[in-house]
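First the structure, in the form of structure tokens, and then the observations on it.
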Amino acid sequence: MKKSLLLFALVGILGAIPANAQEIEGSRVITTGVPFLMIAADARAAGMGDQGVATGPDAYSQQWNPAKYAFIEQQQGIGVNYTPYLSQLVNDIFLGQVTYYNRVDDRSAIGASFRYFSLGEIEARQNPDELGLLLKPNEFTLDVSYALRLSERFSLAVAGRYLRSDLKLQVDNDDASAAGSFGVDIAGYYQSEEVPVSDFYGRWKAGFNISNIGPKIQYDDAGQENFIPTNMKLGGGFDFILDPFNTVSVGLELNKLLVPSPQDFNGDGQIDSEDAREYQDIGFFSGIFKSFGDAPDGFSEEVKEVTWSLGAEYVYDDAFSLRTGYFNESDLKGSRKFATLGLGFKYTTIDIDVSYLFSTSSVRNPLENTLRFGITFGFGNEYSEY
């Protein structure tokens, strides 16, 4: 569908297009380039409040914690997911993802994924009388990972990611070009033995992932650079294995963006162009460490930069899953608050997942009332972990 540049600006306001780091009235949102990397691309994690760093291994572990691949039971798998974006306004903005994994042996696994964010078609005009130029802005990532079990119950993984963002509007023969960067993930995953608890068995899980460690991304020739969303996830959970047919899993996940906060460096009471230039001088690596102690209001504001989510999943006979979750972000840092529901169905080696999001914040969520879909095909041998 064709849209005007006005809609393109609207998408930018809602977070689809990166913006310079600055204070927004009434809040202190930290903005980055390629923010679509922070969107849950698969329906299973989306159904549990955007939680995946310490949940059970699946085909989509590449985004959340690639170390989980070393514990996955199906030898190989391919997953495909589709997420409509701003679906109540337009019908051609979406996030798509394709993943592949291969558990090479008892100790190691590899994974790869391709994520594509399309902003649809935009008709750009210099004036009402000229023919419109049809533009198709988009962003994508391509990544690979390797996971290795260091013991029977713990694994580490490393992933490399190429980022490409083609959002610049090429009008009037302007020589527009796409921006690019790269990122690295370092992740770990722990999964305990089944332990007896009262009249049932249980299993502990924990994980971490420091993702998108990499240089800034540059969108224009003037040299303006944006941090990519370097991010730290920590999570833990417990599986209540009630009997051979019924399992209930619960989890808690904490998340912090490892990007420095915009600062009033010159102390004049506002963040101006001089402050922005000094902010630009912060390197991506030093910015990671600065992000733990640079909030303007000190420790109390640093705590508000941590989002949290609670998630639960009920599985019956490895064939049917019911999921729910809640995600919370401080009003000062973006006010993303939402509840989610999800369903999963399995037939032989095919898994189908669906999720739905309810916003509980006064700030509209671009994914509000959106259905997300995913399908996974498993093949090859099966590994038995218990």
Side-chain angles (χ1 to χ4, degrees), residues 16 36-65 68 72-74 77-101 113-118 120 235 237 239 245-251 253 309-328 336-361 364-379:
F36 82 99
L37 290 177
M38 304 299 291
I39 302 173
D42 68 283
R44 183 189 178 216
M48 292 187 285
D50 286 10
Q51 190 170 128
V53 75
T55 56
D58 61 13
Y60 309 108
S61 299
Q62 184 81 346
Q63 176 180 0
W64 305 100
N65 186 346
K68 297 195 297 184
I72 201 163
E73 296 185 356
Q74 190 75 50
I78 297 175
V80 180
N81 270 269
Y82 174 78
T83 300
Y85 200 77
L86 291 172
S87 59
Q88 298 194 23
L89 294 178
V90 294
N91 60 11
D92 62 351
I93 299 179
F94 69 90
L95 173 64
Q97 175 182 249
V98 179
T99 64
Y100 167 78
Y101 72 88
S113 73
F114 174 73
R115 249 181 295 175
Y116 181 81
F117 185 55
S118 170
D239 295 341
F245 299 98
N246 297 276
T247 301
V248 176
S249 301
V250 295
E253 186 170 301
S309 65
L310 293 171
E313 180 181 47
Y314 165 71
V315 180
Y316 174 75
D317 198 23
D318 288 330
F320 170 77
S321 302
L322 179 63
R323 306 173 183 122
T324 188
Y326 182 77
F327 181 96
N328 182 83
R336 288 178 298 162
K337 305 174 191 292
F338 53 83
T340 61
L341 292 175
L343 292 173
F345 306 92
K346 183 172 183 178
Y347 178 74
T348 62
T349 59
I350 300 175
D351 292 270
I352 298 174
D353 298 301
V354 181
S355 70
Y356 190 80
L357 184 149
F358 305 86
S359 178
T360 60
S361 170
R364 293 294 299 272
N365 191 308
L367 293 167
E368 187 172 355
N369 301 324
T370 296
L371 279 172
R372 286 181 257 195
F373 304 91
I375 184 168
T376 304
F377 303 92
F379 47 93

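Other residues, nucleotides and ligands place more than 12 heavy atoms under 6.0 Å from the CZ atom of Phe114. Remark: Asn369 CG is packed, more than 12 non-hydrogen atoms of other residues, nucleotides or ligands lying under 6.0 Å away. Counted within 6.0 Å of CZ on Phe379, heavy atoms from surrounding residues, nucleotides or ligands total more than 12; the atom is thus considered enclosed.
Proximity of the aromatic rings of Tyr85 and Phe117 is defined here by a centroid distance below 6.0 angstrom, and this criterion is met. When ring centroids are compared, Phe345 and Phe320 come within the 6.0 Å threshold. Between Phe373 and Tyr82, the gap from one ring centroid to the other reaches at least 6.0 Å.
Arg115 is linked by a salt bridge (charged side-chain N to carboxylate O under 4.0 Å, His left out) to nothing, counting only residues two or more places apart in sequence or in another chain. By the side-chain hydrogen bond (donor to acceptor under 3.5 Å, both in side chains) test, Thr370 pairs with Ser87, sequence neighbours left out. Residues that satisfy the side-chain contact (heavy atoms from CB on, under 4.5 Å) test with Ala54, not counting sequence neighbours, are absent from this structure.
For Asn81 (side chain) and Ala43 (main-chain N/O), a donor-acceptor pair under 3.5 Å exists by modelled atom type. Formation of a donor-acceptor pair under 3.5 Å by the Thr99 side chain with backbone atoms of Tyr60 is not found in this model. Checking side-chain atoms of Gln62 against main-chain N and O of Tyr100 turns up no donor-acceptor pair under 3.5 Å. Between the side chain of Thr340 and the main chain of Gly49, a donor-acceptor pair closer than 3.5 Å is present. Remark: the backbone N or O of Gly378 is paired with a side-chain donor or acceptor of Thr349 at under 3.5 angstrom.
Two residues are said to be in side-chain contact when any heavy atoms from C-beta on lie closer than 4.5 Å; Leu343 and Leu322 meet this criterion. Put simply, the side chain of Met38 does not reach to within 4.5 Å of the side chain of Asp50, judged on heavy atoms. Asp58 has its side chain out of reach of Asp353: every pair of non-hydrogen atoms, C-beta onward, lies at least 4.5 Å apart.
Aromatic ring pairs are classed by plane angle as parallel below 30°, tilted from 30° to 60° and perpendicular above 60°; the pair Phe94 and Tyr116 is tilted.
Salt bridge absent: Arg44 and Asp351 never bring a charged side-chain N and a carboxylate O closer than 4.0 Å.
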